[in-house]
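Worth saying up front: this structure is predicted, and the values here are computed from it rather than measured. Order of listing sets the numbers, starting from 1, for every ligand and every atom in it.
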Amino acid sequence: MAVYFDHNATTPIDGRVVEAMLPYLQEHFGNPSSGYRRGRLARQAVEMARENVARLVNVQPSQVIFTSGGTEANNLAIKSGLRGAGCLAVSAIEHASVLEPAKTLSEGERDVHIIGVDNDGLVSETFMEEVLLERPQLVSVMMANNETGAVQNIERLASLANAKGAVFHTDAVQAAGKMVLDFNALGVQMMTLSAHKIYGPKGVGALVVDRRIELAPQISGGGHENGCRSGTENVAGIVGMGKAAELAVQELSDRRAALLRLRSSLELQLAALSGVVVFAEAVERLPNTVFLAIPGIDGEMLLMELDRLGFEVSSGSACDSHKTGPSHVLMAMGVDDVLARCAVRISLGQDNTEADVDALVIAMKQQVDALHSNAMVAWV
Ligand code: PLP
């Protein structure tokens with residue numbers, strides 16, 4: 001099997017998570033809304049998972065609303081946070097699941113303001129203060145970017161926005177499990193999480209909310225999830241998310257230390273490749289993420305060659321893989337279009353070893369040498 005280096009796209013499911021889920025796919029198949037024992041068992045499992053997810057971000061369980069993933073949670077936040085004719089502000093580097101609902105709102109004649117980022121991919125206080133002059137009702141800035149890994153100063157940005165009366169939402173899908181997340185200390189009112197980025201199953205996530213926020217349900221029906229998201233609960237998926245959250249809390253410091261060690265080794269070795277540019281290198285990044293470009297080497301081409309050799313990396317956001325052209329994140333950072341097309345993302349995970357990293361760098365070096373010499377031939 002190929003060596004997997006794309007953990008920001010998705011993570012392999014942890015064996016302990018599968019074990020926790022299995023009974024809820026088999027004998028404990030009850031509907032959590034049913035009053036008899038089998039139903040009650042399913043309900044207990046969902047509520048225990050809610051407690052574990054709440055612990056991951058230090059909130060009360062009643063603040064956790066389970067959804068079908070990060071995309072739905074982002075849609076719920078963006079579509080819920082506005083009342084009357086209020087306007088919205090979102091950063092330019094958000095995931096498509098924030099940018100697309102924002103675009104839909106703007107096409108519906110609602111004012112949507114895009115907050116720019118600096119060359120390191122950060123929303124500066126100045127950019128935030130500028131956008132706050134427009135008096136947005138809701139501001140959405142992600143905790144950490146899926147492509148560069150750059151971590152925003154959410155505590156500061158949320159306090160500026162709150163001081164002007166705006167509700168603050170942060171997409172913490174990539175940050176969860178890789179750094180300490182404290183909803184209250186950050187001062188945000190809504191936060192998005194997704195299970196499959198923390199070694200849990202796909203198709204389950206959560207929106208964490210301040211109890212004072214009145215959500216506008218996007219899926220109505222039987223009034224599940226406190227009336228915020230109807231539909232019979234994905235019990236096994238939710239149990240899996242709960243277990244993944246529990247493990248992420250218990251193992252966070254060990255996971256971070258291991259990832260940081262691997263990343264330093266990777267970056268040290270990559271520095272020997274001529275002209276390598278690491279995006280957002282100067283700022284705090286997720287411990288597992290390296291988004292780089294080797295000038296003159298097309299990112300897609302390098303990805304395909306590495307795939308052939310048994311290494312799975314990404315040329316950017318897997319979730320936007322239908323899109324062609326350079327990354328919108330790099331464009332917002334003012335990166336030159338030609339360099340942006342050379343971008344390759346390596347996102348490490350728990351299953352990677354020092355030997356994997358060494359082998360990847362050797363393969364990259366070989367490919368770079370080969371692609372460079374082909375480019376030279378093409379020039380002649
Ligand atoms: N937000 C970010 C930052 C992401 O990276 C992703 C997925 O890649 C999502 C949201 C969407 O989450 P999901 O795949 O659970 O819908």
Option nearest atom 15 (O) of ligand 1 (shortest heavy-atom distance, choices Ala172, Ser194, Ser68):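 Checking each option, the heavy atom nearest atom 15 (O) of ligand 1 is found in Ser194.
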With respect to atom 2 (C) of ligand 1, which of Asp171, Thr10, Thr192 exhibits the smallest heavy-atom separation?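 Residue with the shortest heavy-atom distance to the ligand atom: Asp171.
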Heavy atom of Gly205 under 4.0 Å from ligand 1?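 The answer is no: ligand 1 sits nowhere under 4.0 Å from a heavy atom of Gly205.
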Any Lys197 heavy atom less than 4.0 Å to ligand 1: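 Yes, Lys197 has heavy atoms under 4.0 Å from ligand 1.
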List the steps, then state whether side-chain contact (heavy atoms from CB on, under 4.5 Å) holds for Thr71 with Asn75. CA-CA 6 Å; Thr71 297; Asn75 271 263; 3.9 Å; yes
[X] heavy atoms, cut-off 4.0 Å: which ligand 1 atoms fall inside?
X: Gly69; result: 15 (O)
X: Ser97; result: 10 (C)
X: Met142; result: 3 (C)
X: Asn146; result: 3 (C), 5 (O)
X: Gln174; result: 3 (C), 4 (C), 5 (O)

Taking 4.0 Å as the limit for heavy-atom contacts, which would you say applies to [X] with ligand 1: side chain only, backbone only, both, or neither?
X: His196; answer: side chain
X: Asn74; answer: side chain
X: Thr71; answer: both

Side chains of [X] and [Y]: is there a donor and an acceptor less than 3.5 Å apart?
X: Ser230; Y: Glu225; answer: no
X: Asn288; Y: Asn8; answer: yes
X: Ser91; Y: Glu94; answer: yes
X: His7; Y: Ser347; answer: no

Given side-chain contact (heavy atoms from CB on, under 4.5 Å), test Asn352 with Phe5 step by step and report yes or no. CA-CA 8 Å; Asn352 291 138; Phe5 284 109; 3.7 Å; yes
May I ask whether Leu76 and Ile213 are part of the same hydrophobic cluster, defined by side-chain heavy atoms of I, L, V, M, F, W, Y residues being less than 4.5 angstrom apart, directly or through others?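 Yes, same cluster.
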Between ligand 1 and Gly70, is the shortest N or O to N or O distance under 3.5 Å?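 Between Gly70 and ligand 1, an N or O pair is found under 3.5 Å apart.
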Nitrogen or oxygen atoms of Asn8 and ligand 1 under 3.5 Å apart: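 No, since none of the N or O atoms of Asn8 sits under 3.5 Å from an N or O of ligand 1.
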To the closest 0.5 Å, what do you measure between CG (Asp120) and CG (Asn145)?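 CG of Asn145 is found 12.5 Å from CG of Asp120.
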Checking one residue: Met331. Which other hydrophobic residues are in its cluster under the side-chain 4.5 Å linking rule?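 In the cluster with Met331 there is nothing else; it is isolated.
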